[in-house]
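Here the structure is laid out as C-alpha cells; the discussion comes afterwards.
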2 protein chains.
Amino acid sequence: MTRKSGDASRSTIRDVAARAGVSASTVSRVLGGVYPVSAATRGSVLRAVRDLDYVADARAKAIAGAGTPTLAFVLEDITGPSFALMAHGVEREATRLGHLCLVCSTEGDVRHELEFVEMMRAQRAAAVILVGGTADTPEYRERTHRMADSLASAGSRLVLCGRPPLDPGAPVTVIEYDNEGGAHTLVAHVLAQGHRRVLYLGGRADHTTALGRERGYLAAHRARGLTPDPSLVLHGDFTRDAGHRLMRQAIEDGLEFSAVVAATDMVAAGALTALHEAGLTVPGDVSLAGYDDIPFARDLHPALTTVHVPYEELGRLAVRTALERTPGAPDEHLLLGTHVVVRDSVGPPGSH
Amino acid sequence: MTRKSGDASRSTIRDVAARAGVSASTVSRVLGGVYPVSAATRGSVLRAVRDLDYVADARAKAIAGAGTPTLAFVLEDITGPSFALMAHGVEREATRLGHLCLVCSTEGDVRHELEFVEMMRAQRAAAVILVGGTADTPEYRERTHRMADSLASAGSRLVLCGRPPLDPGAPVTVIEYDNEGGAHTLVAHVLAQGHRRVLYLGGRADHTTALGRERGYLAAHRARGLTPDPSLVLHGDFTRDAGHRLMRQAIEDGLEFSAVVAATDMVAAGALTALHEAGLTVPGDVSLAGYDDIPFARDLHPALTTVHVPYEELGRLAVRTALERTPGAPDEHLLLGTHVVVRDSVGPPGSH
DNA sequence: TCCGTCATGGGAACCGGTTGCTACGGCGTT
DNA sequence: AACGCCGTAGCAACCGGTTCCCATGACGGA
C-alpha cells in the first residue's frame with residue numbers, strides 16, 4: 001500500500017515545511033519554481049510534498065495575489081443545444097488559458113441572474129459572461145449597466161454574449177451574432193422559391209434574439225416589395241413544445257401558408273412533428289426552415305434548412321476578448337456573421 | 001448619478017470599517033448576522049457597505065472557515081444531450097443547496113481528468129462529480145481509486161455518476177443507472193415484435209455504458225433462447241456521425257437485419273438518416289430503437305422508441321448524496337431504474 | 001589570511017476575512 | 001450608593017498561502 005490513506009485532513013504548507021526541515025517560505029519557493037533553491041533542499045521539499053500528497057490551497061493563493069482567477073458564465077439553461085455549444089466554447093477557451101470556470105443557470109429568472117452576478121463579484125471572478133438573449137427593456141439596460149459598473153469596480157468585467165448591447169459608457173464587452181441578417185438571408189431564400197405566405201414561429205415577443213430574427217423576416221419581405229400578413233407572425237418560446245403547439249394550432253385554425261420559418265431549430269423540430277401528425281409532407285406540402293444549425297438539424301427528416309451560428313466560436317471569443325483585454329482599452333463590440341445551410345426542408349410551393 | 005462609478009479597485013472590510021467608524025470585526029459581525037450589534041452601529045455599517053458597494057471576498061471567507069465550499073463536476077463534453085441533462089441536474093441541486101459549481105470538459109482525455117481533479121483538490125471543492133461512462137480497465141480502477149483517496153484526504157469526496165464502481169474500500173459515492181436492464185427490456189420489446197436479426201450499433205468496445213447496454217442486448221436474446229449473430233454487433237462511438245457511418249456501412253455490406261438497436265439516441269439519429277438515405281422506411285422496412293430518451297427523440301420521424309434515463313435526477317442525486325453525507329457513513333451505491341418509451345420507430349418485421 | 005560577493009534560507013508582514021477573549025460603560029438591584 | 005451583570009465593540013490571533021528584506025555561510029580574489 002504505497003498510497004496515502006485518507007487519514008489526516010488536508011496538510012498545510014507548514015506541515016510540509018516541518019517534514020522537510022525547512023521554512024514555509026522555502027516550500028513556497030520550491031513550489032513556485034523561480035527562486036533559486038539548492039538541489040538538496042528542493043529534493044527534500046518535493047519528497048515531503050509527495051509523502052503528504054500536498055496541494056496548495058488555491059483560495060489562499062488567490063488571496064495572496066498568486067493564482068489564476070476564475071471565470072464565470074451565466075446562462076438560462078445548459079440543456080438548450082445552442083447554449084450548450086456556447087458553454088462548451090467558453091469552457092474550452094477558459095481552460096486553454098488556464099482558468100477554471102463557474103457555471104450557473106438562471107432558469108430565466110432575473111433575480112437569479114442578479115444573485116449570481118453578486119456571487120461572482122464575491123468570488124472575484126476575472127470576468128462574468130452573460131449568455132443568451134433576453135427582453136431588451138429600459139429596465140434591462142439599467143439593471144445590466146449597474147451590474148457592469150459594480151463588476152468593473154471590483155476589478156472584474158461583464159461580457160454579454162448573444163445579448164443586446166447597453167448604452168455607450170457601460171464598461172462591457174459585447175459579442176453578438178447577426179440575427180437580423182441571418183433571418184433576412186434565410187427568408188429571402190424561402191421567398192426566392194416562390195413562397196408568398198410564410199408563417200413565422202417566433203419566440204417570446206420581447207426577446208431580443210426572437211425579435212432580431214423577426215426583423216429579418218420582415219426586412220426580407222420588404223426587400224421584395226412584400227408586406228407579410230401580420231396574422232402569420234406567432235409567438236411562443238424557444239422550446240420544442242412551443243413549436244409543436246403553435247404549429248398544431250395554426251393548422252387547426254386553418255391558417256394559410258406554404259412555408260414555415262421557425263425562430264430556432266428546436267421550435268422547427270416541434271413544428272415538423274406537428275406537420276407530420278397533420279399528414280402534411282415537408283417540403284411537398286409545406287416548406288420548413290429553422291435557425292441555429294444545431295447538430296440534430298441534419299437528422300430531422302427532411303434534413304432541416306437553417307442558419308448556421310458559430311456558437312462555439314462565440315463562447316471562445318467571449319472569454320478571449322474578456323481575458324486578453326488591456327484594462328484601459330475601449331470597450332469592444334463584435335458582431336459575428338452567420339450563413340444559411342441549405343438542406344432538404346425548403347422547396348418550391350406545392351399544390352397545397 | 002447615484003451609482004458608484006468604476007473608479008477604485010475592490011474595497012476591503014477595513015475600508016468599510018473606517019468609513020463606518022468602527023472596527024473590522026464589527027463589520028464582519030454585522031454582515032454575519034448573528035452577533036448582537038446595536039441598531040445605530042448596524043445602520044452606519046450597512047450604509048458604508050452600500051456606499052462602497054462592498055462584497056466580502058468569498059475566497060478569504062472560505063479560508064477563514066466561513067463560506068460555502070464549491071462543488072465541481074467533470075464531464076467529457078457538455079454538448080452531448082445526456083451530459084447536458086446531468087449537468088443541469090447537478091447545477092440545479094447545487095445552487096438549491098447554496099453551492100457554486102465549477103465545470104470542466106475533459107474531451108475524453110484521461111490526463112485532463114487527472115489535472116482537473118488535482119485542481120479541484122486545490123480548490124478544496126466539497127465534492128467532485130465525475131460524469132459519464134468510461135473504459136473500465138484495471139488501470140481505470142487504480143487511477144480512480146487514487147483520485148478518491150487523495151480527494152478524501154483533502155476533505156473532499158469523489159462521486160461517480162453514470163460510471164462504473166470501484167473496488168470496495170474506495171471512498172467514493174456511485175450513482176448509476178441500469179444500462180443492462182434497460183437494454184434488456186428494450187431489446188425484449190423488439191424481439192417480441194418478431195424480429196430475429198437485430199443489429200446493435202454500439203459505442204466504443206470498452207466503454208462501460210456501451211458494454212452494459214450490449215450485455216442487455218445479449219441477455220434479452222438468451223432469455224428467448226436466441227443467440228445473436230456476432231456480426232450484428234458493431235462498434236463506433238456515441239456520436240451521430242458514428243451512427244450514420246456504421247449504418248451506411250452495414251447497408252452497403254449487405255448485412256441482413258430487420259431491426260436496429262442503437263447504443264444512444266444520437267447514434268440512432270445518425271442511423272435513421274442513413275436509413276432514409278438508403279430509401280428504407282422505418283419501421284416499415286426496418287425498425288429502429290435508441291437509448292437515452294433525449295428531448296429530440298420525439299421529433300425524429302418516426303418518433304423514436306427508446307429507453308428513458310432519469311439523467312437530470314441522476315445529477316441531482318449525485319450532489320445530494322455527496323453533500324448530505326455524514327463523514328463516517330458507509331459509501332453509497334445507487335442504481336437508478338429506467339423504462340422504455342414506446343413510440344413509432346419499432347414495428348413488426350416487414351417484407352424486407 | 002582577510003574581505004567582498006553571491007547563493008540560499010529564514011523571519012515577519014501581508015492578503016482579506018473570522019472569531020475568542022477582553023474591556024468598558026450603562027443599567028438594575030439591594 | 002456600591003455592586004454586579006449584561007450588552008456591545010475592539011484587539012489580536014488565526015486561516016494558508018506569498019514575498020520583501022535581511023542574515024548567514026561558502027566561495028573566490030587580492
**Complete:** Overall bend of the helix from C:dT1-D:dA30 to C:dT30-D:dA1 (five pairs an end, 10° steps) is 50°

**Item:** Sequence-distant partners of A:S82, side-chain hydrogen bond (donor to acceptor under 3.5 Å, both in side chains), two or more places apart
**Value:** none

**Item:** Any residue meeting side-chain hydrogen bond (donor to acceptor under 3.5 Å, both in side chains) with B:S105, in chain and number order, not counting sequence neighbours
**Value:** A:E91

**Message:** Which residues pass the salt bridge (Lys or Arg N to Asp or Glu O under 4.0 Å) test with B:D15, not counting sequence neighbours?
**Reply:** none

**Leading and trailing nucleotides of DNA chain D with any atom under 4.0 Å from heavy atoms of chain B** = D:dT8 to D:dG17

**Request:** Output all residues satisfying salt bridge (Lys or Arg N to Asp or Glu O under 4.0 Å) with B:E139, sequence neighbours left out; order by chain, then residue number.
**Result:** B:R143

**Asked** Just checking A:R14: base, sugar-phosphate only, or nothing, at a heavy-atom cut-off of under 4.0 Å?
**Response** base

**Request:** Could I get the full list of side-chain hydrogen bond (donor to acceptor under 3.5 Å, both in side chains) partners for B:T95, not counting sequence neighbours?
**Result:** B:R92

Which pairs of donor and acceptor atoms, one on a side chain in residues 35-42 of chain B, lie under 3.5 Å apart (sequence neighbours left out)?
unit_1, atom_1, unit_2, atom_2, d
B:S38, OG, B:T41, N, 3.3
B:S38, OG, B:T41, OG1, 2.8

**Item:** Touch class at under 4.0 angstrom, heavy-atom based, for B:S28 against every strand present
**Value:** base

**Message:** Holding to salt bridge (Lys or Arg N to Asp or Glu O under 4.0 Å), I want the full list of residues that pass it with A:E176, two or more places apart in sequence or in another chain.
**Reply:** none

**Item:** salt bridge (Lys or Arg N to Asp or Glu O under 4.0 Å) partners of A:D331, counting only residues at least two apart
**Value:** A:R157, A:R325

**Request:** Check the side chains of B:T26 and B:S23 for a donor-acceptor pair under 3.5 angstrom, ignoring hydrogens and angles.
**Result:** yes

Pull out every protein N or O sitting under 3.5 Å from an N or O of nucleotides 8-10 of chain C, one pair per line with the distance.
unit_1, atom_1, unit_2, atom_2, d
C:dG9, OP1, A:S38, OG, 3.0
C:dG9, OP1, A:T41, OG1, 2.2
C:dG9, OP2, A:S38, N, 3.1
C:dG9, N7, A:Y35, OH, 3.3
C:dG9, O6, A:Y35, OH, 2.7
C:dG10, OP2, A:S23, N, 2.9
C:dG10, OP2, A:S23, OG, 2.9
C:dG10, OP2, A:T26, OG1, 2.5
C:dG10, N7, A:R29, NH2, 2.7
C:dG10, O6, A:R29, NH1, 3.2
C:dG10, O6, A:R29, NH2, 2.6

**Set of side-chain hydrogen bond (donor to acceptor under 3.5 Å, both in side chains) partners for A:T144, sequence neighbours left out** = none

